[in-house]
Structure formats: C-alpha cells, structure tokens
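The chains referred to below are lettered A, B, ... by the order of the sequence lines, with proteins before strands, and numbering in each begins at 1.
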Amino acid sequence: MAPLDNLAVARILSDIGDMLELKGENPFKIRAYRNAADSVANNPEPVAGVDADGLRKWPGIGKDLSAKIIEICQSGSCLIHQELMAHFPPTLLDLLRLQGVGPKTVALLYNELRIASLEDLEAAATSGRLRELKGMGARKEALLLHALEERKRHANRHLLADAADTADKLVEYLQARVPEVAFETVGSVRRGSETCGDIDVLASGSSTDLMGIFTSYHLVERILGRGDTKSSVLIRGGYQADLRLVGPESRGAALQYFTGSKQHNIALRDRALERGLRLNEYGLYRASDETRLGGDTEDGIYEALGLSWIAPELREHRGELESAAEHRLPELLQWSDLRGDLHMHTTETDGKDDLETMVLAARDQGLEYIAITDHSKALAMANGLDETRALAHAARIRDLNRRIDGIHVLAGIECDILADGSMDLADDCLAELDLVIASVHSALRQDESEMTARMVRAIENPYVDIVAHPTTRALLRREPSKVNVDQLARAAAAHGVALEINCQIDRLDLSDVNARLARERGVKLVISSDAHSRRALAVKKWGVVVARRAWAAKQDVLNTLPFEEFRASLRRNRTPQALQA
DNA sequence: GCCGTTTTCGGCCCGACTGTTTTCAGTCG
C-alpha cells in the first residue's frame, strides 16, 4: 500500500473527532483529535516518514495520538477508527456538514429515526416525520430542506480570487450606503486562504439601518439570520456572507477576532489567559477587574500580549506566535517588490494575445523584465513549438527586445517534462534560449516514486532554470500529483533550480505549505502569472499572497532582483561548476 | 487526549443568533 499523505491521515483523525462527537464523548478529547488533524494537515513534512518521537514534537500530538497516527500510516486505519466506522454508517458524516446541523441533531435523527444519509433526511423531512422529534418544528424542517437543496446546488468552497472579488463588491455596496461606518473584509479572505468557505465583513461604527441594507443587497438569495449586530445571508454564486457590527472602540479587537484563524485565536487567547487577561471581539481586559487594556487597534492587542503585529497571512497557527514573541517574524514580500514575470504565453501557442501586445501590457504594468515562455511540442493541443519554431520564435522575441524601450524581454520556453523525465526539446535547442521553464502536463497520475524521479531527472538537466506549477494541482477540481515535494525541493536546491509559485487562481502551485518547505530547504522561488492574455498578468497578486503565507521575504524570490542580477542568478548563467553539479 | 517557568492533575476560547423553549440547547464562526 502506498503511504498515506498528510491530508489523508488528517481526514481520518478528523472523522474520528466527528464520530466521537456523535457519541457525545468528552469535548476535549474530540478537540484533541481535531487539533491533531490540523497539525498533520499543516505540517509540510510527510507524516508517513516520521517516528513516534518525531510525531510527539508536533503540536497537539502526544503519546496516544502518535501511536494511532503510526497505526494509520501503516494500515490505513486504527482500532478506534474501525470501531467507530462499525458503529456509524459512513454517510452519517455528510449530515454533519449541512448548514444548521450539528452533532446533537445528527445523533437525534439517527437514534430516533435511523436517518443515516442525506437521502434519508430528505425523505423524512418531506413526509413530515421529522416533526415527531422533540425540538423539531416546522421552521426547523424548512431549514433542513433548504440546506439540503443548497448542498446540491453549490459546492461550499470558492477560489480565493473569486471570494475576494465577491467580498470587494459587497464592501463597496455597503460603504457607499453607510459612509459613516468602516467596512473591512476579514476571515479567510483577509488571510489569503487558497479557497474560502464564506465571506466575513466587519463593520465598525454605529448605524441603525445597516443590517437592513445588508440583507437587501441585490445579490442576496436568502437571509440565514438577522440581528442587531450580526447577520448572515446567502448571496448568488453560493457564497455565505456574514456581517458583524461593533463600536469603533472595538475595531481592532474585532478585526483580530474575525480574521482568525480559529487555531490562531485559540492560541492567542491562551496567551492572554496566561497573563491574567481576557480577549474577545470587543477588547482585551484584565481578568481580575475587567479593566480594558486595548481593542481600538489590532496591533495594540498584539503589543499588549508581548507580540509583534502578525500579518493576516501568517495567522494559521504555524509558529507565528512564537516568532512574534521573539520579534523575529520575516519582513514579508510585498507586491511592489516584484520586478519581473517569467512565465507567459502568446498566440504563437495557446495565448490569446500576440507577442507585442503581451510585452506592452507587461511594460504598462510597470514590470522591468519578462520572459515569453510558450509551450513545447508535446502539448500539441496548445500548438506547442518544436525546436525549429522555438528558435524562430526566440529570434522574433529578441528582435522585439532590441526595438522596444522600457522593458527587457527574455526568449524562453515552457518545456514539457515527458513521462520518463526527459525534456520535450533537445538540449542544444534549450541551450540557445535565455530561460527554460520545465513543467508536467501529462501522465499526472504516476505514483510517488515515478513522479518524483521524473521531476528530479528534469531538474538534473543543466538547461532547466525553473520548474513551473510543480504539483499540477487544480483547486476544487484536481488533486495534486503525488510528487514528493521534500525530495523535489532538495534536488532543486542542490542544482540551483528555482521553483515557481504559479499564480493562476485555480493553481496557486506551489501551495503556501509547499513553498515554505521549499524555502526552508534553500530553494529560491519565482512568482509568475502563467498569463495566457494581457489581462491575466494581474493574477500575480495572488502569488504574492501565497509567498507571504509561505513566510517569504523579498530575498527568497528571484524576480524581485533588478534585471542584470536576476539574469546572473539563473542557473544557466552561473559558474560552469554549478552547471555540472 | 494534550499539556505544564504557579501544574503530572485539572484545566482546556467565547459570544451571537435561532428555534422551540418559558430559561435554554444547539449551532456557528
């Protein structure tokens, strides 16, 4: 059996937590399983290769869970998991993920009516049998039917870029109508999570008609709840949006609180408690006498807890509190640091805009240099280039580069890594170009050893400068390939090959966790748009978010360098010794 | 089930809203 990856192990731990909750177990035991699931999911090190002593160093994993995790890695399950699976039908967990349904309700439905699946629930709600149950009235029944219908209609996660766009429009609507209140997007959108479940907006100030204005937003499909300080709605496209209103004196505390993440907030509150303080969305208080110590600004909260201000992108409980306590958080990369874009396409292959249009658009965007990197011949569907066309295209790019002012244009290629790890174009062709990106577009389902060996072989080709979208994932659509990112990063570091953070909004590949791992292994990152049109050049903003979530500073990213330094830093332009390495 | 510079036992984040309740349990974030 292939070893389970971290997400698979985390899923089992989290399922155990859910099923323990259905049994009405000790809530802290349940939390322990969920914390362990988060810990495994967020750790870049492959869990299958870690021994018990190593696991016990991971946060939230002790003697008991380290043994269970090893059992899961070896057998795909563990005793308690199997016992619970025998006790509950697997479809029961689907019910738990319905809006408005928690463990108590699921237990009630199952114990009283043997409702074990979404289909069972729909049948029971439709036939009116639900109302036999204590605490189930007509409204609750309607709510469940709504939730079932919405489950069918919407996936409940959204790409970051889409969620951010929806949030921006909502905030713009609110701000225009209630100018005396300050609105800010908080939650996972503010943290820059690659996918977002809902949209959280914080309003600070004072307004009596705000909630009415919110719930009458023209994109609202359904009002989930409405109060004086908190309301929730479903808006078109399957987004849940939550609005919270606090007084201006609580803006900072509320920004902090509603930005999360949950794990970050729990840890922050722990820290407050250790200091005899109490933190909530209204402020920071001394526990003994309720004296208010802060809450009007966010950095004031962190400062009062002995911490540097922590950028929202870092608030994932991945060591940020410890670093902030020692005032050694990295100075994170900023959008304005980017000087180049090393991955884009033209009409020569599958781009929508021609060479000159792309170059002029990049110059308009303020870029100092770019690389044109059309596809190679293996991607026949995209009209990929063979050696002859690649060199002719390069000649045109260099000619344009000579004629145009204000931007440097490199003649590059995005060359396919074939299934055996060889390159799709001959070495003497690759050697003629200014920059070579290598990437995988086929045979995505190879097993881990095959895929890893394939990509390492590509890295060993002396003409490869950058590996693009290293895991080939498509968010909400396609799982990442099984490449071992740790081994990939070690090979890239050893050969001086950079790894890309691809900024296409459904790729964001490397991910935050993987980019951080690569950086820690000594790999330089590049942030590139992979634009197939002039408009798509702007997606680099999302790559900057990913890099920040990977704790990257300016010096970790090659395309922050001035042009000449960037060129000199490319693997092909370094010493001959480096080429032979 | 985890965790520890007040602890190896006794803690473990906290408040708003809904629905079905007459004082609160369940859910959510």
Side-chain angles (χ1 to χ4, degrees), chain A residues 13 16-17 20-22 24-39 55-69 78 80 95-109 130-131 133-144 146-147 156 186-191 193 196-202 211 215 223-233 240-246 250 253-254 256-285 287 317:
Chain A
L13 293 170
I16 293 172
L20 289 174
E21 194 163 35
L22 294 182
E25 265 279 6
N26 173 0
F28 301 107
K29 182 172 170 179
I30 295 161
R31 186 188 296 172
Y33 277 93
R34 290 183 176 154
N35 285 342
D38 282 342
S39 186
L55 284 174
R56 293 191 62 175
K57 296 195 178 78
W58 291 16
I61 296 175
K63 180 170 169 230
D64 200 87
L65 276 167
S66 62
K68 290 196 170 91
I69 290 170
C78 63
I80 186 175
L95 295 176
L96 209 45
R97 282 151 204 149
L98 281 177
Q99 169 82 44
V101 176
K104 295 293 184 347
T105 307
V106 174
L108 181 72
L109 293 170
L130 282 187
R131 302 206 202 169
L133 297 176
K134 186 167 182 292
M136 289 282 171
R139 300 196 58 132
K140 194 84 186 176
E141 177 187 279
L143 192 134
L144 289 174
H146 265 300
N156 45 10
V186 288
S188 54
V189 176
R190 183 171 182 231
R191 298 199 311 278
S193 292
C196 302
D198 55 19
I199 287 168
D200 299 299
V201 176
L202 173 67
M211 293 301 165
T215 53
I223 299 168
L224 299 171
R226 177 175 164 176
D228 292 337
T229 65
K230 175 184 174 176
S231 297
S232 297
V233 298
Q240 178 175 328
D242 299 332
L243 179 66
R244 279 296 288 258
L245 174 66
V246 298
S250 293
Q256 195 293 311
Y257 182 89
F258 293 115
T259 296
S261 66
K262 187 172 184 164
Q263 295 300 329
H264 174 90
N265 284 1
I266 288 174
L268 200 65
R269 283 175 187 218
D270 271 343
R271 189 177 173 89
L273 286 175
E274 284 165 16
R275 285 163 174 68
L277 307 174
R278 193 168 58 81
L279 178 62
N280 62 26
E281 61 263 56
Y282 302 111
L284 182 67
Y285 304 87
H317 194 47

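Going from atom CG of A/L143 over to atom C1' of B/dG19 covers 9 Å, rounded to whole Å. For A/K134 and B/dT20, the NZ to C1' distance is 9 Å, given to the nearest whole Å. The interatomic distance linking A/L245 (CG) with B/dA16 (P) rounds to 12 Å, in whole Å. With rounding to whole Å, A/D64 atom CG is found 14 Å from B/dC3 atom C1'. Across the protein-nucleic acid pair, A/F258 atom CZ and B/dC17 atom C1' stand 12 Å apart, rounded to whole Å. Between the P atom of B/dG15 and the CG atom of A/L284 lies a distance of 13 Å, rounded to the nearest Å. Atom pair A/M136:CE and B/dT18:P shows a separation of 18 Å (rounding to whole Å applied). Between A/E25 atom CD and B/dC12 atom C1' there is a gap of 16 Å when expressed in whole angstrom units.
If you check distances only, the side chain of A/N26 does reach the base of B/dG1 with a donor-acceptor pair under 3.5 Å.
For A/T229 and B/dC17, the shortest distance from a side-chain N or O to OP1 or OP2 is below 4.0 Å. Between A/Y257 and B/dA16, a side-chain N or O to OP1/OP2 separation shorter than 4.0 Å is absent. OP1 or OP2 of B/dG29 sits under 4.0 Å from a side-chain N or O of A/Q240. A/R278 has a side-chain polar atom (N or O) that falls below the 4.0 Å cut-off from OP1 or OP2 of B/dG15.
Considering only the side chain of A/R139, B/dG19 comes nearest among B/dG15, B/dG29, B/dG19. With B/dG1, B/dC12, B/dC14 as the candidates, the nucleotide lying closest to the side chain of A/R269 is B/dC14. Of the candidate nucleotides B/dT20, B/dC12, B/dG29, B/dC12 has the atom lying nearest to any side-chain atom of A/D270. Closest approach to the A/F28 side chain among B/dA16, B/dG1, B/dG29 is made by B/dG1 (side chain taken as heavy atoms from C-beta onward). Among B/dC13, B/dA16, B/dG1, the nucleotide with an atom closest to any side-chain atom of A/R244 is B/dA16. Nearest to the side-chain atoms of A/D242 among the listed nucleotides B/dG1, B/dG29, B/dC14 stands B/dG29. The side chain of A/T105 lies closest to B/dG26, out of B/dG26, B/dC14, B/dG15. The nucleotide whose nearest atom lies closest to any side-chain atom of A/K140 is, among B/dG26, B/dG19, B/dG1, B/dG19.
Taking atom C1' in both B/dA16 and B/dG10, one finds a spacing of 29 Å when rounded to whole Å. Between B/dT18 and B/dT23, the distance separating the two C1' atoms is 15 Å to the nearest Å. Rounded to the nearest Å, the gap between the P atom of B/dG26 and that of B/dT20 is 14 Å. To the nearest whole angstrom, the two C1' atoms, one in B/dC28 and one in B/dC13, are 14 Å apart. Atom name C1', nucleotides B/dT21 and B/dT27: the rounded distance is 15 Å, in whole Å. For the P atom pair drawn from B/dG11 and B/dT7, the interatomic distance equals 14 Å after rounding to whole Å. Atom C1' of B/dT8 sits at a distance of 28 Å from the matching atom of B/dC14, rounded to the whole Å.
Nucleotide B/dG15 has B/dC28 as its partner under the Watson-Crick or G-U criteria, with both atom distances under 3.5 Å.
Looking at A/S66 and A/R56, their side chains never bring a donor and an acceptor atom within 3.5 Å of each other.
A/I223 comes within contact range of no nucleotide atom at all, as no heavy-atom separation falls under 4.0 Å. Nucleic acid contact class of A/L268 (heavy atoms, under 4.0 Å, all strands): none. Within 4.0 Å (heavy atoms only), A/P27 reaches no atom of the nucleic acid at all. Across all strands shown, A/A138 has heavy atoms under 4.0 Å from sugar-phosphate atoms exclusively, and none from any base.
By the rule that a glycosidic angle within 90° of 0 means syn, B/dT6 does not qualify and counts as anti.
Both A/L65 and A/R226 lie close to DNA chain B; mapped to their nearest nucleotides by heavy-atom distance, the more 5′-ward contact belongs to A/L65. Two residues, A/G60 and A/K230, neighbour DNA chain B, and the one matched to the more 5' nucleotide by heavy-atom proximity is A/G60.
Nearest approach of A/A36 to A/L65, heavy atoms of both residues: CB-CD1, 3.7 Å. When all heavy atoms are compared, the tightest approach of A/K134 to A/L108 is O-CD2, 3.8 Å. Residue A/L130 comes nearest to A/M136 through the heavy atom pair O-CB, 3.3 Å, listed as atom of the first residue, atom of the second, then distance. Considering all non-hydrogen atoms of both residues, A/L284 and A/L277 come closest at CD1-CB, 4.0 Å.
A salt bridge does not link A/K230 with A/E281: every distance from a Lys NZ or Arg NE/NH1/NH2 to an Asp or Glu carboxylate oxygen is 4.0 Å or more.
Looking at A/R271, its side chain never comes within 3.5 Å of a backbone N or O of A/A267 through a donor-acceptor pair.
Counting heavy atoms of neighbouring residues, nucleotides and ligands inside a 6.0 Å radius, atom CZ of A/R139 does not exceed 12 of them.
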